[in-house]
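Letters go in sequence order (proteins before strands), and every chain restarts at 1. Note: hydrogens, waters and symmetry copies are ignored here, and every other heavy atom, side chains too, is used.
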There are 2 protein chains.
Amino acid sequence: MAVGEAIFPEMPMIDGIRLGTSKAGISKPDRRDLVVIEIVEGASVAGTFTRNAFCAAPVHVAKRHLAQERTRFLLINTGNANAGTGDGGMRDAESCCQALGELAGAPAETVLPFSTGVIGEPLPVERIRTGLPEALASLDDSHLAWQYAAQGILTTDTRIKGATASCEIAGATVSVNGISKGSGMIKPNMATMLAFVATDAGIDQPLLEALLRESVNRSFNCITVDSDTSTNDACMLIATGRGARVVSDADVAALRGALDEVLMQLAQAIIRDGEGATKFVTLEVSEARSRQEALDVAFTVAHSPLVKTALYACDANWGRILAAVGRAPVEDFDVERVVIDLGEVRLVENGGRAAGYSEAAGSAVMAREDIVIRIALGRGDGGATVWTSDLSHDYVSINADYRS
Amino acid sequence: MAVGEAIFPEMPMIDGIRLGTSKAGISKPDRRDLVVIEIVEGASVAGTFTRNAFCAAPVHVAKRHLAQERTRFLLINTGNANAGTGDGGMRDAESCCQALGELAGAPAETVLPFSTGVIGEPLPVERIRTGLPEALASLDDSHLAWQYAAQGILTTDTRIKGATASCEIAGATVSVNGISKGSGMIKPNMATMLAFVATDAGIDQPLLEALLRESVNRSFNCITVDSDTSTNDACMLIATGRGARVVSDADVAALRGALDEVLMQLAQAIIRDGEGATKFVTLEVSEARSRQEALDVAFTVAHSPLVKTALYACDANWGRILAAVGRAPVEDFDVERVVIDLGEVRLVENGGRAAGYSEAAGSAVMAREDIVIRIALGRGDGGATVWTSDLSHDYVSINADYRS
């Protein structure tokens, strides 16, 4: 299942980025499962990674390499997460970087490895090694190369996910392209599953890192399918510097705008393709004492199995929303001040069902695929928006069958 | 679905307690849905209540009445939670207490009201009023009266839940009987759904309250079906004082033992009857820095939809358990020290799959209905045990169909 239409936009070339793929037999036979992203010399690269304490071997290695050398290659495989694999997993991740480095004539430390798929199985290093020449031979900067790369990183996803935006910097147009994957085990903390974003803008590393961190906090860190934070989350941002250079505050604002747009689209695409999803749900919490408090309330509602099953059932069950809000970690909570709206229909005020509410009006909103729930807490001016999906039979089927 | 055998024990009479029921038509036609528990004069009564900020009208009224007067009656209805009902709900709860008080010749404040069922619908006060005489006429202290009362408080439960234990105090035997209800919206915080426990022991009010609080923290506050804390949770403990009086430390210890046994059985019965449950899962976390840290890890695993669907699938998917442990809110977590056992089979050590682990051994444990997962964190001597169920298709069906 997935919500709404699947749109993979026409991706412009990003000068300084080429993408190659191959079918290495890591995942299923005859599907793209190995991706190489080549980055021009002199580019800036920033990354955010999972905060899961059991983070996977490639995450450790990618963080170390990123700190050691200017990155020239991202090496991504699906089908195997190389997580929970101990010291052997670290050696395997290193040896894949080594293999790519040797073929490309670059030090292993210029390669960042990323893996996604089954946890706890040894990484099939030989298959990856064998698949590398084809991936390198196919390196290209075309739309099709972006689309193949977007295919090559998927696991239980039913759709490829891409977004693009552009902005003006010093009179020149720069582009931001991104691809992402993710469908289950989605409750990113610091970054989401996998996302790879590139721009031809030129920008210094510290500023690039700050922009990425802020943008991730507004996008990937505000989505949840099932509250489970993956061991392999990573979001990478590359600025090749082949296009206009970000200098003024206006340049930064312009690039931030384009980056926000791409990351938000990629993050929301993950929710629309959430495992078993039949609804795309926007939870807007306002009038909290802080943004953190608003996030706490939003995620409590977003994670409630009873709210999620009611959404699946198209049941405007405001009592379950109210009960979830009421158990959120909020101090001195005066529930009489809480107002809850479902789309344009007021559900709750004065501690109970809103006076003008009718089942018919609530059900009409619930019948939609895109649903907005607004929760005003009446205690401050903090706010946050979180996106989530529902809990369906398909979610259970997918996760009771798939060994991940 | 439900796990294991349903056992409702032979309940001894508790001197000073009588229970009556009637079919008031609040829930479905022709089922017991109204319960009155009569308490002898001079008894001590303690209660713990939900910490959900949106707590229901009867919870507010019960807390106020408990503080005002010596309690003589508990009045419980199923079919309607009288939650999210605003000021009207408070008046309705009061007026039911008034009606019972008038029939029994007692002040309204000696009656504590409890409601469970649909949230947000007005309480059908007239039906309750009409059902009261029959409930009072049927007051009795027999096993059957306890069993009927256990029936009369159920909602989506598929089983009645009761437990009994006894202990020696000053050479005399005293008994502790309890009944509970609960199946979904189960993640008690301070108390669970509804539980009514009575003993013929005599004990002062402050000591009774302390005993109840401690025992609830070890039992009802350590279970979760779906992480959703109800608006109506309450656990009441009555000591009629018709039997031996608790005086010495040895008396307290004896009563605590019997009380713990009853509450633990009632709490575990709720998990065994968890909505859609096919597994009864015990999560033992040890070697944490504190009991709270152990509880945090245990609940993170217990709430993980991916762990719960793997349990449903009988899949010894240790990677999901490991990923859930890794995202628990634990500072400076050294995952290399974590050891995870599934029953008698070691799953995880040294940051990955245990050396001797085999799928066959893991699957053999997973095939059972009763599953124990032990997680040793290797960082202290704090521990906690939490009980939970799996996440099945039936959970989704029950909650996508049932309006609660």
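- Contacts of A/Val330 with chain B are absent, with no heavy-atom separation under 4.5 Å from either backbone or side chain.
- Heavy-atom pairs under 4.5 Å with chain A were tallied for B/Gly84, B/Gly352, B/Gly88; the largest tally goes to B/Gly84.
- Most heavy-atom pairs under 4.5 Å with chain A, from the set B/Val396, B/Val307, B/Leu391: that is B/Val396.
- Heavy atoms of B/Thr85 lying under 4.5 Å from chain A belong exclusively to its backbone.
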Item to check | Chi angles and distances behind the side-chain contact (heavy atoms from CB on, under 4.5 Å) call for A/Phe54, B/Val338 | outcome: CA-CA 10 Å; A/Phe54 260 120; B/Val338 172; 4.2 Å; yes
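- Of all heavy-atom pairs between A/Ala313 and B/Ala400, the closest is CB-O, 3.0 Å.
- With respect to chain A, the highest number of heavy-atom pairs below 4.5 Å among B/Ala324, B/Pro305, B/Gly120, B/Ala83 belongs to B/Pro305.
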Item to check | From CA spacing to verdict: side-chain contact (heavy atoms from CB on, under 4.5 Å), A/Tyr395, B/Thr309 | outcome: CA-CA 9 Å; A/Tyr395 180 88; B/Thr309 46; 4.3 Å; yes
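- Taken from CD1 in B/Ile119 to CZ in A/Arg353, the straight-line distance is 12.0 Å, to the nearest 0.5 Å.
- Atom CZ of A/Arg337 has 12 or fewer neighbouring heavy atoms from other residues, nucleotides or ligands inside a 6.0 Å radius.
- Distance OG/B/Ser392 to NE2/A/His393: 9.0 Å, rounded to 0.5 Å.
- Judged by distance alone, with hydrogens and angles left aside, the side-chain atoms of A/Asn52 form a donor-acceptor pair with the main-chain N or O of B/Ala323 at under 3.5 Å.
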